[in-house]
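As structure tokens, the structure follows; a few thoughts come after it.
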There are 2 protein chains.
Amino acid sequence: MSNHGTALIDVAAAEPGACCAPLACEPLSTGEADELAPLFKAIADPVRLRLLSLIACHDGGEACVCDLTSAFELTAPTISHHLKVLRQAGLIDCERRGTWVYYWINPTVLTRLSALLRPRQAFGAVEA
Amino acid sequence: MSNHGTALIDVAAAEPGACCAPLACEPLSTGEADELAPLFKAIADPVRLRLLSLIACHDGGEACVCDLTSAFELTAPTISHHLKVLRQAGLIDCERRGTWVYYWINPTVLTRLSALLRPRQAFGAVEA
DNA sequence: CGCCTAATTAGACATTCATCTAATCAAGCG
DNA sequence: CGCTTGATTAGATGAATGTCTAATTAGGCG
């Protein structure tokens with residue numbers, strides 16, 4: 001299950017010290033922007049934001065699709081679609097175990113996006 | 001100029017201790033997700049990501065529209081449209097000074113988004 | 001005033017996207 | 001095997017979005 005998807009971007013590996021290259025340090029290249037925009041697009045939806053949060057907060061760090069679906073007033077195919085978007089962006093991964101499919105967060109990508117948005121002055125309290 | 005726009009969301013003021021409520025701590029409410037998604041949608045575009053970065057990196061922390069427009073192979077109205085999206089999301093603000101209009105970053109909103117995406121384990125090195 | 005440049009607004013158009021229903025795939029169980 | 005439940009895929013549809021051209025607003029200058 002975790003390998004049937006199209007892993008579009010290997011963003012996590014691209015920037016090992018992602019904390020050192022925020023948006024405000026040097027202008028983003030066209031290539032970087034083209035690579036990052038789809039990741040933000042993947043989380044730029046209220047349903048997907050909640051899915052991400054539900055998965056991240058769930059016991060054991062993973063959640064079953066049936067648990068996720070029941071948290072929304074949307075059909076199962078719609079939830080499945082949103083999970084696919086998140087998975088293709090590399091934000092989550094999944095595995096089938098018997099009847100159920102479980103999803104968990106890939107923290108590396110989230111960390112990279114978080115670091116990108118952090119303003120420069122946030123580094124102020126380094127020696128505190 | 002900074003007041004002719006529609007200030008849709010006052011996100012910055014909503015969550016003073018935004019650093020303490022990342023996505024992975026407790027499930028996002030529907031309301032929070034509906035409020036946050038438009039902010040991510042605003043930055044989920046390669047042109048707007050580069051605009052944000054160009055503004056943030058520019059000398060003095062602000063940039064003229066003409067400087068920004070010349071960095072893209074897009075028409076002025078298109079750049080103006082993207083700037084408006086960013087401004088309505090509260091990510092940037094602007095002021096007209098004579099002939100030119102200058103834009104700068106509102107770091108509060110970016111900081112909030114950054115904190116939201118930070119995974120829990122990023123807090124590990126607190127006492128270092 | 002009249003003209004020029006900077007920037008935004010208005011409106012059109014093609015593309016992308018979120019959602020649904022219907023159909024299909026996967027696994028367990030009688 | 002046939003049925004049931006969980007999950008995804010396929011395809012359709014209405015709404016949102018990015019881009020452009022044309023028109024408009026705003027300010028400076030001869």
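Scope of the values below: all heavy atoms of this structure, side chains included, with no hydrogens, waters or symmetry mates. Below, chain A is the first sequence line, B the second, and so on; all start at residue 1.
Listed pair A:Ser80 / D:dT8 meets the phosphate criterion, a side-chain N or O lying under 4.0 Å from OP1 or OP2. The phosphate of C:dA6 (OP1 or OP2) has no side-chain N or O of B:Tyr102 nearer than 4.0 angstrom. Using a 4.0 Å cut-off, no side-chain N or O of B:Arg97 falls inside it from OP1 or OP2 of D:dG27.
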Step-by-step side chain to side chain contact (heavy atoms under 4.5 Å, CB included) determination, A:Leu36 to A:Leu113: CA-CA 8 Å; A:Leu36 289 164; A:Leu113 297 184; 4.1 Å; yes
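Among residues two or more places apart in sequence or in another chain, the side chain to side chain donor-acceptor pair (under 3.5 Å) test is passed with B:Thr30 by A:Arg50. Annotation: side chain to side chain donor-acceptor pair (under 3.5 Å) contacts of A:His81 (sequence neighbours excluded): none.
Two end axes, each from the C1' atoms of five base pairs, can be drawn for the helix from C:dC1-D:dG30 to C:dG30-D:dC1; they diverge by 10°, to 10 degrees.
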Where do N or O atoms of nucleotides 19-25 of chain C meet protein N or O atoms at under 3.5 Å, pair by pair?
from: C:dT19; atom 1: OP2; to: A:His82; atom 2: NE2; distance (Å): 2.2
from: C:dC20; atom 1: OP2; to: A:Thr75; atom 2: N; distance (Å): 3.2
from: C:dC20; atom 1: OP2; to: A:Thr75; atom 2: OG1; distance (Å): 3.1
from: C:dC20; atom 1: OP2; to: A:Thr78; atom 2: OG1; distance (Å): 2.7

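Ion pairing of B:Glu35 with B:Arg112 is present here, as a side-chain N (NZ or NE/NH1/NH2) and a carboxylate O approach within less than 4.0 Å.
A:Trp100 and A:Cys64 get closest at one heavy-atom pair: CD1-SG, 3.4 Å. Between A:Ala89 and A:Ala42, the shortest heavy-atom contact is CB-CB, 3.7 Å.
Using a 4.5 Å cut-off on side-chain heavy atoms (C-beta onward), A:Leu117 and A:Phe40 make contact.
Taking every heavy atom of residues 59-71 of chain A and every atom of DNA chain D, pairs under 4.0 Å involve A:Cys64, A:Val65, A:Cys66, by number.
Checked by atom type, the side-chain pair A:Ser114/A:Thr111 shows no donor-acceptor distance below 3.5 Å.
The stretch residues 37-49 of chain A participates, sequence neighbours left out, in no salt bridge (Lys or Arg N to Asp or Glu O under 4.0 Å) pair at all.
Annotation: cation-pi geometry satisfied between B:Arg97 and B:Tyr102 (NZ/CZ under 6.0 angstrom from ring centroid, within 45° of ring axis).
Along DNA chain D, the nucleotide nearest to B:Gly98 and the one nearest to A:Lys84 differ in position, and the one closer to the 5' end is contacted by A:Lys84.
Of the candidate nucleotides D:dG6, C:dA7, C:dT8, D:dG6 has the atom nearest to the side chain of A:Trp100.
Put simply, A:Ile55 and A:Val85 are part of two different groups of oily side chains (I, L, V, M, F, W, Y) that touch within less than 4.5 Å, one to the next.
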